[in-house]
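Heads up, the thing below is written out as structure tokens.
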Protein chains: 2
Amino acid sequence: MARAAAGEKKTTRTRQSLDTRRAQLIAQGMAFFGTRPYDTVSIDDIAEAAGISKGLLYHYFPTKRDYYAAVLEAAAADLRAQTLVDPTLAPDVRMRAGLEAYLDFVKARGPAYVALMRGGIGSDPVIAGILDRVRGHFVDMIVKDLPPHARPRALRVLLRGWVGFVEVTSLAWLESPPGTITKAHLIDTASSMLVLLLGELTPAGASAAG
Amino acid sequence: MARAAAGEKKTTRTRQSLDTRRAQLIAQGMAFFGTRPYDTVSIDDIAEAAGISKGLLYHYFPTKRDYYAAVLEAAAADLRAQTLVDPTLAPDVRMRAGLEAYLDFVKARGPAYVALMRGGIGSDPVIAGILDRVRGHFVDMIVKDLPPHARPRALRVLLRGWVGFVEVTSLAWLESPPGTITKAHLIDTASSMLVLLLGELTPAGASAAG
DNA sequence: CGGGCAACTGACTTCCGTTCAATAGCCCAT
DNA sequence: ATGGGCTATTGAACGGAAGTCAGTTGCCCG
């Protein structure tokens, strides 16, 4: 109601399309949540940085947690998109290409990626689900190239472990001083590990049968 | 001030030693943070469950985050203690024993362990540091048994990855329907992976020399 | 037994997530 | 072009939770 000293930037109210605004807010969220822990980022911070009122954020996301989940989901989609490789390539070449794309992605996004993918809010089922699906996606990519397996579920557990191996080495690589280990070495080792892991599984060597 | 209707349970105030109370609060925190996400647990909840006033909790921990960190640290110490193995055993036997102890621990603690170790508050350096140190501890255990390596830092990055492999497979195992994969199979595979990983490193095979 | 140290309390402040009635930019029918 | 309506947008208000502090009381030690 204080209409007195208007005329300065009262009419700055710019109406945006739903998708545009949503995209802006998600980008804003990536910047914040990639830098600071969830509970230290306030809705006011985000609203101010985005140049909108706090209320508007709730027009797009029902809750702070939902907002965070949306941001994380976007980051996950980004990762998936960035690690797509030409499906016509031979499986082993494709795997190395995917691995390289993954490492490039991690390096390019740096700490923000680390922060987001480390999980944000532990033990929230929705959040954990998003991260699980990212790992599941990579497992799918690998399984797609494999001949049918006698124990698909066991296979998936172990492949998920391999994805964990890649994740953790990536983070360690990112945080290690330069010269500690090369990207090529990482790709070589991860590839070998996958080959060896699959080799462990296909023969009758797997002891735990029945 | 309002001393009027006293006499009921006003004198319930029991004075505890610092260590006792602290231990109680940490146990209480494990129960809460193992079940619910960080930001849905209020100090009031914990205080009420512990039968103390909110103010007292701040007498022991300067901040909710510090409290959380202390709880996580305790959980980590617990894990370390539970996975100690007889150092006189042969290295390979010791490794399998450690692996088994780890899996037993995960199984026994179940979801609470998962929730805590998944990180609670993403991107908080203190929290991340605690989890990093747990992984580092396991890497230390492995490295201790190894002959000196030409590239110790690269070795540690990859061993850290192996620990990640074990972590992720453990969680996948825990959450998978029974019969998916046996503990013995997991131990076999993880052991093989470690042997193979070390085999990849020792020979001149590592392409990326420097 | 009484004095004092430290555990303990509870009320208070501040800040943050969430709600909602009111407002105003933009598109469309006329 | 214009005015009406749909909805993006606002800002103020509410409840609740983190953190503070001056005061209180259990307990040990002389």
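Quick note on labels: first sequence line is chain A, next is B, and so on, each numbered from 1. Given the structure is predicted, the values throughout are model-derived calculations rather than measurements.
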Testing C:dG17, D:dA18, D:dA8 for proximity to the side chain of A:L56, the answer is D:dA8
When rounded to whole Å, the CZ to C1' distance for the pair A:R21 and D:dT10 reads 12 Å
Out of C:dG10, D:dA18, C:dT18, minimum distance to the side chain of A:K54 belongs to C:dT18
To the nearest angstrom, the CG-C1' distance between A:D19 and D:dA8 comes to 13 Å
Quick note, B:D44 side chain, CB onward, closest among D:dT9, C:dT18, D:dA17 is D:dA17
- request: Just call it for B:I43: base, sugar-phosphate, or nothing, with non-hydrogen atoms closer than 4.0 Å on any strand.
  value: sugar-phosphate
Taken to the nearest whole Å, OH/A:Y60 to C1'/C:dT18 is 18 Å
Next item on the list: Please confirm whether A:K64 makes a cation-pi placement over A:Y38, using NZ or CZ under 6.0 Å from the six-membered ring centre and within 45° of the ring normal.
Entry: yes
Between B:V41 and A:H59, whichever has its closest DNA chain D nucleotide further toward 5' is A:H59
Atom CD1 of A:I46 and atom P of C:dT18 are separated, to the nearest Å, by 11 Å
When every non-hydrogen atom of A:W173 is compared with those of A:L103, the smallest separation belongs to CZ3-O, 3.6 Å
Taking 4.0 angstrom as the limit, do B:R133 and B:E73 come out as a salt bridge?
-> yes
Does D:dT10 have OP1 or OP2 sitting under 4.0 Å from an N or O in the side chain of A:S53? yes
When rounded to whole Å, the CG to C1' distance for the pair A:D66 and C:dT18 reads 12 Å
Among D:dG11, C:dC8, D:dA18, the one nearest any side-chain atom of B:Q16 is C:dC8
Contacts of B:G55 and B:L18 projected onto DNA chain C by closest heavy atom; the upstream (5') one is B:L18
So do the side chains of A:E175 and A:P111 get within less than 4.5 Å of each other, counting heavy atoms only? no
Between CD1 of B:I52 and C1' of D:dT25 the distance, given in whole Å, is 16 Å
When rounded to whole Å, the OH to P distance for the pair A:Y58 and C:dT18 reads 4 Å
Separation between CZ (A:R156) and CD1 (B:I181), nearest 0.5 Å, reads 13.0 Å
Result for 5'-nearest mapping on DNA chain D, choosing between B:R15 and B:T63, is B:T63
Rounded to whole Å, NZ of B:K64 lies from P of C:dC16 at a distance of 14 Å
